There are 2 protein chains.
Amino acid sequence: MSKKADSTKRERDPAATRQRLIDATVRLMLQQGFSATSVDQICKEAGMTKGGFFHHFENKEALGKAAVEWWGQMGTALYADAWKDTTLDPLEQLHRMFDIMVGFTRRSDDPVVCMVGMMSQEMSATNPVFQAACDKELNLWTTNVAKMLTAAKKRHKLKTKFDPMQVAWFLNSLWQGSMLVGKTCRSQELIRHNLKLARDYVDSLFANP
Amino acid sequence: MSKKADSTKRERDPAATRQRLIDATVRLMLQQGFSATSVDQICKEAGMTKGGFFHHFENKEALGKAAVEWWGQMGTALYADAWKDTTLDPLEQLHRMFDIMVGFTRRSDDPVVCMVGMMSQEMSATNPVFQAACDKELNLWTTNVAKMLTAAKKRHKLKTKFDPMQVAWFLNSLWQGSMLVGKTCRSQELIRHNLKLARDYVDSLFANP
DNA sequence: TTGGACATACAAACTGGTTGGTATGTAAAA
DNA sequence: TTTTACATACCAACCAGTTTGTATGTCCAA
């Protein structure tokens, strides 16, 4: 009866259309990268015409930025099981995070990839918008990991002194590099081995296993 | 007197021209990536016309492959000081390698980048030629590092058991990831911190420091 | 020693197709 | 009736690659 009662029935759903464009972009970009993905291609993938596209996004760059941001939100959601459960021993939180990352390598035979990493490598040197967007996402991941490491420091005896932020950047770099190398060498196992060593490395920082 | 005595005087030097094209490509690609670098741009940078370009390379892909291979040779030469001196304690060799890598971060204010890593991230999922070329270079680096680790295992007591090849992939991934993250976060210091932790990690595998 | 046949190393101009982006039209929703 | 959400048609610039022309070198025969 209310004016918005049948709003779900309307075929026109600009928010969903916008998301469709972002989804299509993510799908294509994860395989081809940004430059190699054309607006025409994105429109086709999303079942749109170019006119519609430029109604939702000012230009290709704006879409790319939106895609990176959406990827960041997705990622945060995927890590939430590990990151959000603060009742957990922070070391156990970190282990759960590693479990989630290992899980990424088992979801399919496609290589594990990260939009942020791909965009960083391809665009951050020339495009300040993408550089800033990627920098933000990388910092977010690192900060979350650093928080757990800091908390772990308080609950566990240390075997080695370390700076949580430095170790977190170390892990972020390793993770990004693992996806990069794993993609080219076509080996998910390589990624899993790296994650195993990283996990052991984190454990080795603390006295009590 | 010989027929080839004055061959150096000729202005036409196809080998040098070819190299000029490769150099130009490397310079442009390290900043913009492969897709974003056009053949016109490369020709302009190399002081060539397109007709000349396609005399030396069958297509853009062939040039890209040549550029990756040349980058690999360059890299091997840069690491030679550490890798080739087999009279050295292999652990010392590894330390020298880390020194060289740290040196890369101090050469200029420009980010430390790797053609192989960039090409891997951008092209290896879609282009089999580049995938194979990058895979080869990544394997070469890893194998060299693994050799030193294997040699180090024989001369030093172990604190932890480890597989040299796995650790070498771990280090390769970390190195590639460090350049990636360092570029986006605009921090050479981040890379140096990562290298410090990696160095300590390698040391931690052995009993005698 | 020289001169001509031939191959090599480029340059200039062009081609068909693609690029990101725009101008304009139209139907649905408010 | 106005605004929003698209579709259609179009554009100039650019893309990788080709065609064609020409200057330069190489080799062999006279």
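Since we're looking at a predicted model, the values are computed, not measured. Sequence lines set the chain letters: A, B, ... in the order given, protein chains first and strands last, and positions in each chain run from 1. Below, each value reflects all heavy atoms present in this structure, side chains not excepted, and no hydrogens, waters or symmetry copies.
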Lys44(B) NZ to dC14(D) P, straight-line distance once rounded to whole Å: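 Computing the Lys44(B):NZ to dC14(D):P distance gives 11 Å.
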
Selection: residues 120-133 of chain A, any non-hydrogen atom under 4.0 Å of DNA chain C: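 None - not one residue of the stretch has a heavy atom sitting under 4.0 Å from the strand.
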
Quick one: side chain to side chain donor-acceptor pair (under 3.5 Å) pairs with a partner in residues 56-76 of chain B, sequence neighbours left out? Glu61(B)-Asn127(B)

Any His56(B) side-chain N or O less than 4.0 Å from OP1/OP2 of dC10(C): yes

With a cut-off of less than 4.0 Å, is there a side-chain N or O of Thr17(B) near OP1 or OP2 of dA9(C)? no

Which residues pass the ring-ring contact (aromatic ring centres under 6.0 Å, His included) test with Phe98(A), sequence neighbours left out? none

Within a 6.0 Å radius of atom NZ on Lys147(B), are there more than 12 heavy atoms belonging to other residues, nucleotides or ligands? no

Per Thr49(B) side chain, nearest of listed nucleotides dA12(C), dT8(D), dT8(C): dA12(C)

Which nucleotide in the set dT4(D), dT8(C), dA11(C) lies at the smallest distance from any side-chain heavy atom of His55(A)?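 Taking heavy atoms from C-beta onward, the closest nucleotide is dT4(D).
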
Could you note down all residue pairs passing ring-ring contact (aromatic ring centres under 6.0 Å, His included) where residues 107-127 of chain B supplies at least one of them, sequence neighbours left out?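 For residues 107-127 of chain B, and leaving out neighbouring residues, there are no ring-ring contact (aromatic ring centres under 6.0 Å, His included) pairs at all.
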
Which donor-acceptor pairs under 3.5 Å do side chains of residues 161-172 of chain A form with protein atoms, sequence neighbours excluded?
{"unit_1": "Gln166(A)", "atom_1": "NE2", "unit_2": "His193(B)", "atom_2": "NE2", "d": "3.4"}
{"unit_1": "Asn172(A)", "atom_1": "ND2", "unit_2": "Leu138(A)", "atom_2": "O", "d": "3.2"}
{"unit_1": "Asn172(A)", "atom_1": "ND2", "unit_2": "Thr142(A)", "atom_2": "OG1", "d": "2.9"}

Sequence-distant partners of Asp110(B), salt bridge (Lys or Arg N to Asp or Glu O under 4.0 Å), two or more places apart: none

Using salt bridge (Lys or Arg N to Asp or Glu O under 4.0 Å) as the criterion, list what pairs up with Arg20(B), not counting sequence neighbours. none

Report all side-chain donor-acceptor pairs from residues 27-35 of chain B shorter than 3.5 Å, counting only partners two or more places apart or in another chain.
{"unit_1": "Arg27(B)", "atom_1": "NH1", "unit_2": "Glu45(B)", "atom_2": "OE2", "d": "2.4"}
{"unit_1": "Gln32(B)", "atom_1": "OE1", "unit_2": "Thr37(B)", "atom_2": "OG1", "d": "3.2"}
{"unit_1": "Gln32(B)", "atom_1": "OE1", "unit_2": "Gln41(B)", "atom_2": "NE2", "d": "3.2"}
{"unit_1": "Ser35(B)", "atom_1": "OG", "unit_2": "Glu122(B)", "atom_2": "OE2", "d": "3.0"}

For every nucleotide of nucleotides 18-28 of chain C, 5' to 3': is a protein heavy atom under 4.0 Å from its base (B), only from its sugar-phosphate (S), or from neither (-)? -SBBB----BB

